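Since this is a predicted model, take the numbers as computed values, not measurements.
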Amino acid sequence: MRVYKFGGASVKDAEGIKNLAKVLNTIGYDNTLVVVSAMGKTTNALELVVKNYFENKSELQSAIHDVIKFHNEILLELFENDRHNVFSVVKSLFDELTLFFKNNKSPDYNFVYDQTIGFGELVSTTIISHYLNEIGLINQWIDVREFIKTDNYYRRANVNWETTQANISSKFNISKLNITQGFLGSDANNFTTTLGREGSDYTAAIFAYCLNATSVTIWKDVPGVLNADPRYFENAQLLHQISYREAIELAFYGASVIHPKTLQPLQRKEIPLYVKSFLNPKNNGTMVSKGKALDPDIPCFIVKKNQILISLSSLDFSYIVEENISDIFNLLHLYKMKVDVIQNSAISFSVCIDNIYGNLEKLLQHLKAKFKVTSYDNVSLYTIRHYNNDAIRELENGKTVLLKQLTQQTVQIVTK
């Protein structure tokens, strides 16, 4: 059993879907599960739908119509007959989305977000499944929400592994080519949940773990795992092989090629992960597996933009000790802040965070009751794994360094 994952960039238009079929024909698709994300920028478009629902209801139907129009144009390119069954199936999904907004009574943004955003994956996999059947790649469409069960921590749900394993073991047909959605699950009440942005990689790993898959392949628009994001760094190089441990480190620090949660279930069963280009499917790409040294052995650069740096000091110059640090982390947890870097001295404490849930002002007001607080918005967090002096010097050139922290193999630098 193999698991393939195709992201939004690989299926952003009709040509991308045709290329997905070409990849399957090139490398084979027997006993294969294909996990697919929403098409192109659909997730962003659906986020606008949610925003309009809460803030600008007069634009809600227009935003939904834009999403429908985008997918209908792809349908018309893929299917010669506009009476094909796929048109009515897709229409019923969008009717369901519209009906949700008509009947919803929940004021919870995160709940509404998850009930909305998943239609991107549901529609993309519906279109792809019908297209593959149309050209002779017979497959079974499955609703991932019937298999992956989670808690109700909307937008970043936690997997119930026992129930998920039981569902996959009892319901999944491994003898077919199966098409399913990434990113999604459902809670005990069968409401849709999501696993966090870029969670489709994690979906692939969950199925691979539960199915004892031989491998997972993530198909990207890059040759494999690079030592730097080419959008921000020049001369990025392909890493031919890396260990699970190194890949987990890179993912933890924010490398965008692999989702942070993806590697843990694969490592537990030593299932190799391949990251390959959907443009050149026969190329080797990058292999992630047990004990593989970094090849080539070069510095790896990661950047996270739009971060918040908060610096705290005690109002009376007393020490920042265990009790203070405990209070700080309780507040970070309360306001759902993703912590990326911490640094403390006797009378100060600094933390670089990702304000995912928009709770920054509430957090700052709470902190100001006990600490002197300085906050820096829109900072960049750079991480270099396996750094050398030249790499640090080149990175710092022309930037204002607000925080710098070095360990034996990693340096992190916050810049304005």
Output yes when a side-chain donor or acceptor of N104 lies under 3.5 Å from a complementary backbone atom of S106, and no otherwise.
-> yes

Cation-pi between K57 and Y53: NZ/CZ under 6.0 Å from ring centre and within 45° of the ring axis?
-> yes

Look at atom OH of Y376 and say whether more than 12 heavy atoms of other residues, nucleotides or ligands are closer to it than 6.0 Å.
-> no

Taking the side chain as every heavy atom from C-beta outward, state whether W161 and Y209 have any pair of such atoms under 4.5 Å apart.
-> yes

Ion pair R393/D390, N-O distance below 4.0 Å | yes

Ionic contact status for R385 with E246, cut-off 4.0 Å = yes

Straight-line distance of L195 CG to S200 OG, nearest 0.5 Å = 8.5 Å

Does NZ or CZ of K336 come closer than 6.0 Å to the centre of the six-membered ring of Y153, within 45° of the ring's axis?
-> yes

Test side-chain contact (heavy atoms from CB on, under 4.5 Å) applied to Y387 and L406, step by step = CA-CA 10 Å; Y387 63 89; L406 291 87; 3.7 Å; yes

Does any non-hydrogen side-chain atom of V414 lie less than 4.5 Å from one of Q307?
-> no

Side-chain heavy atoms of T180 within contact of V36, under 4.5 Å = no

Taking NZ, NE, NH1 and NH2 as the nitrogens, is one of them in D114 or R155 under 4.0 Å from a carboxylate oxygen of the other?
-> no

Side-chain contact, heavy-atom cut-off 4.5 Å: Q237 with I298?
-> yes

Is I353 close to I310 at the side-chain level, that is, under 4.5 Å between some pair of heavy atoms?
-> yes

Taking the six-membered ring of Y382 as reference, does the NZ or CZ atom of K399 fall below 6.0 Å from its centre and within a 45° cone about the axis?
-> yes

Could you tell me whether the side chain of D327 reaches within less than 4.5 Å of the side chain of K370, counting heavy atoms only?
-> yes

Test item: side-chain donor near acceptor, Y113 and E47, under 3.5 Å | yes

Identified side chain to side chain donor-acceptor pair (under 3.5 Å) partner of Y154 from the options D187, D108, N110 = D187

Report yes if the side chains of T194 and T150 come closer than 4.5 Å at any heavy-atom pair, otherwise no.
-> no

Mind checking whether F54 and Y109 have ring centres under 6.0 Å apart?
-> yes

Just how far is it from atom OG of S10 to atom CD1 of I218, taken to the nearest 0.5 Å?
-> 11.5 Å

Taking the six-membered ring where the residue is Trp, are the ring centres of F94 and F119 under 6.0 Å apart?
-> no

Please work out which of the three classes, parallel, tilted or perpendicular, describes the rings of F329 and F349, given edges at 30° and 60°.
-> perpendicular

